[in-house]
Amino acid sequence: MRDATLRDVALLAGVSPRTVSNVVNGYARVTDHTRAKVERAIAELGYRPNVLARNLVYGRSGQLAVVVPYLDTPYFAELLQAIIPRARDRGYNVLIDQTDGDPEHERDLVRRAGRALLFDGMIFSPLGLSQDDLTAVDPSLPLVVLGERVSNGVFDHVGIDDVAASREATAHLIGLGRRRIAAIGDQPYPTGEAAQLRTRGYRQAHADAGLPVDESLVIPTPRFNRADGSGAMRRLLDRPDPPDAVFCYSDLVALGALHVAVEHGLRVPEDLALIGYDDIEEGRYSNPPISTISPDKAAIAATAVDRVLDRIGSAEPLPGVEVRAAHRLIPRRSTVGRG
């Protein structure tokens with residue numbers, strides 16, 4: 001029995017082959033009614049697009065690049081687990097690159113991407129490049145930027161509202177009666193935009209509650225990892241007036257801080273309440289489980305893939321769009337105890 005063709009789908013759905021192609025590739029506006037008819041016909045016939053033929057026609061590679069700073073960071077690993085199947089469903093393979101936050105490597109990637117044919121578009125979470133660096137990138141490059149920065153109006157940016165999320169995390173601690181709240185993870189330099197937004201939210205929560213910020217409790221770290229969280233927590237606990245709560249700028253930072261707190265004989269949350277950020281799986285199974293800010297990773301992944309494919313399919317560069325995914329605060333035993 002031969003495989004179903006695009007024309008077979010068009011005949012069964014009662015539409016033109018061009019309409020089927022538009023639905024399959026997602027390149028043109030199609031009414032919901034027509035899309036539903038085509039999708040029913042595709043399912044009934046078991047039609048599978050000939051991705052190789054499509055890519056040859058359009059002069060494409062069928063590859064998407066996903067560029068992240070670190071593959072050993074659970075947040076990015078979990079995000080990739082959502083991006084890859086979404087891209088596969090749209091007929092694309094994913095190439096993955098790790099930059100280690102090296103600005104020259106990141107700059108070279110976006111500079112060469114416009115001339116290279118290894119991939120058709122890029123989903124990029126920069127760490128070494130600042131907002132000003134991104135404005136110099138060729139606007140014709142199909143690029144979607146992830147992470148906590150504001151869109152430059154040229155490329156799409158997909159992320160959550162970092163200020164609001166950090167404000168909620170800090171307000172949660174204040175609402176529990178904590179008054180000496182430390183913040184671990186500030187990065188006061190041009191490429192530390194994510195950290196700076198989280199610090200802004202931390203400060204806003206204090207202002208909302210009419211509380212002063214003790215600047216000595218805002219601890220910078222070069223990375224959002226366990227080692228830096230551990231080192232920062234040791235410095236805080238060496239003080240004569242240690243904090244009674246800590247807002248950590250990632251769950252990895254929180255895991256490092258938790259390890260040191262327990263090592264020092266502190267009870268969490270009785271002596272020290274602790275909240276993280278990212279909702280990684282490891283934080284759900286720590287002892288105690290870590291309260292966290294949970295970004296909608298599935299929505300971030302799906303939106304990033306869909307937006308970069310829209311850009312690939314557009315004859316002209318599209319204006320940059322700022323997409324804010326949802327987030328929620330998840331209280332766990334590291335702040336509210338056993339209940």
Side-chain angles (χ1 to χ4, degrees), residues 1-66 77-96 117 119-124 142-146 155-160 279 294-328:
M1 182 177 177
R2 70 178 179 85
D3 291 338
T5 67
L6 185 143
R7 289 188 177 277
D8 295 331
V9 175
L11 186 62
L12 181 60
V15 299
S16 70
R18 168 60 67 182
T19 298
V20 176
S21 177
N22 287 339
V23 171
V24 169
N25 294 307
Y27 294 152
R29 296 185 67 85
V30 179
T31 66
D32 291 342
H33 175 69
T34 299
R35 185 180 301 278
K37 286 198 304 180
V38 171
E39 289 174 348
R40 282 196 300 269
I42 288 172
E44 184 175 335
L45 294 173
Y47 170 69
R48 299 183 66 181
N50 187 329
V51 175
L52 178 59
R54 181 195 68 185
N55 290 338
L56 288 172
V57 168
Y58 288 100
R60 297 181 185 137
S61 68
Q63 310 281 352
L64 288 181
V66 180
E78 293 177 11
L79 194 61
L80 282 164
Q81 287 179 327
I83 287 174
I84 290 170
R86 182 71 171 197
R88 187 180 297 137
D89 288 345
R90 297 290 302 272
Y92 271 82
N93 293 320
V94 171
L95 305 173
I96 300 169
L117 296 177
F119 51 85
D120 302 323
M122 182 190 295
I123 298 172
F124 184 30
L143 176 68
V144 172
V145 178
L146 302 180
F155 303 110
D156 297 331
H157 168 240
V158 183
I160 68 170
D279 190 21
S294 178
D296 190 339
K297 299 186 192 81
I300 292 171
T303 303
V305 171
D306 293 347
R307 290 299 305 175
V308 77
L309 292 184
D310 286 346
R311 287 182 166 273
I312 292 169
S314 176
E316 299 292 334
L318 299 174
V321 175
E322 183 78 26
V323 181
R324 292 282 176 88
H327 69 270
R328 62 193 178 105

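All values derive from a computational prediction rather than experimental measurement.
- Tyr92 is not listed as a side-chain neighbour of Val305, based on a closest heavy-atom distance of 4.5 Å or more.
- Atom CG of Leu146 sits about 12.0 Å away from atom CD1 of Ile160, to the nearest 0.5 Å.
- Expressed to the nearest 0.5 Å, how far CZ of Arg86 lies from CG of Leu309 amounts to 9.5 Å.
- The one candidate from Val38, Val23, Val15 that meets the side-chain contact (heavy atoms from CB on, under 4.5 Å) condition with Val30 is Val23.
- Taking every heavy atom of both residues into account, Pro142 and Asp120 meet most closely at CG-O, 3.3 Å.
- When all heavy atoms of Leu64 and Ala87 are compared, the pair lying nearest together is CD1-CB, 4.1 Å.
- Considering only heavy atoms from C-beta on, Ile84 comes within 4.5 Å of Ile96 through its side chain.
- The heavy-atom pair separating Val144 from Val158 by the smallest distance is CG1-CG2, 3.8 Å.
- Scanning both residues, Arg311 and Gly320, for their nearest heavy atoms gives NH2-CA, 3.5 Å.
- Considering CE of Met122 and CG of Leu143, their distance stands at 6.5 Å, rounded to 0.5 Å.
- Leu45 contributes atom CG, which lies 5.0 Å from atom CG of Leu12 (distance to the nearest 0.5 angstrom).
- Shortest non-hydrogen contact noted between Pro17 and Arg7 is CG-NH1, 3.8 Å.
- If you check the side chains of Asp306 and Thr303, you find no donor sitting under 3.5 Å from an acceptor.
- In terms of modelled atom types and a separation under 3.5 Å, the side chain of Lys297 and the main chain of Asp279 share a donor-acceptor contact.
- Counting heavy atoms from C-beta outward, Asp310 and Asp156 have side chains that stay 4.5 Å or more apart.
- More than 12 heavy atoms of other residues, nucleotides or ligands lie within 6.0 Å of CG in Asp89, so this atom counts as buried by the packing criterion.
- The two residues Tyr47 and Thr5 come nearest to each other via the heavy atoms CE1-C, 3.6 Å.
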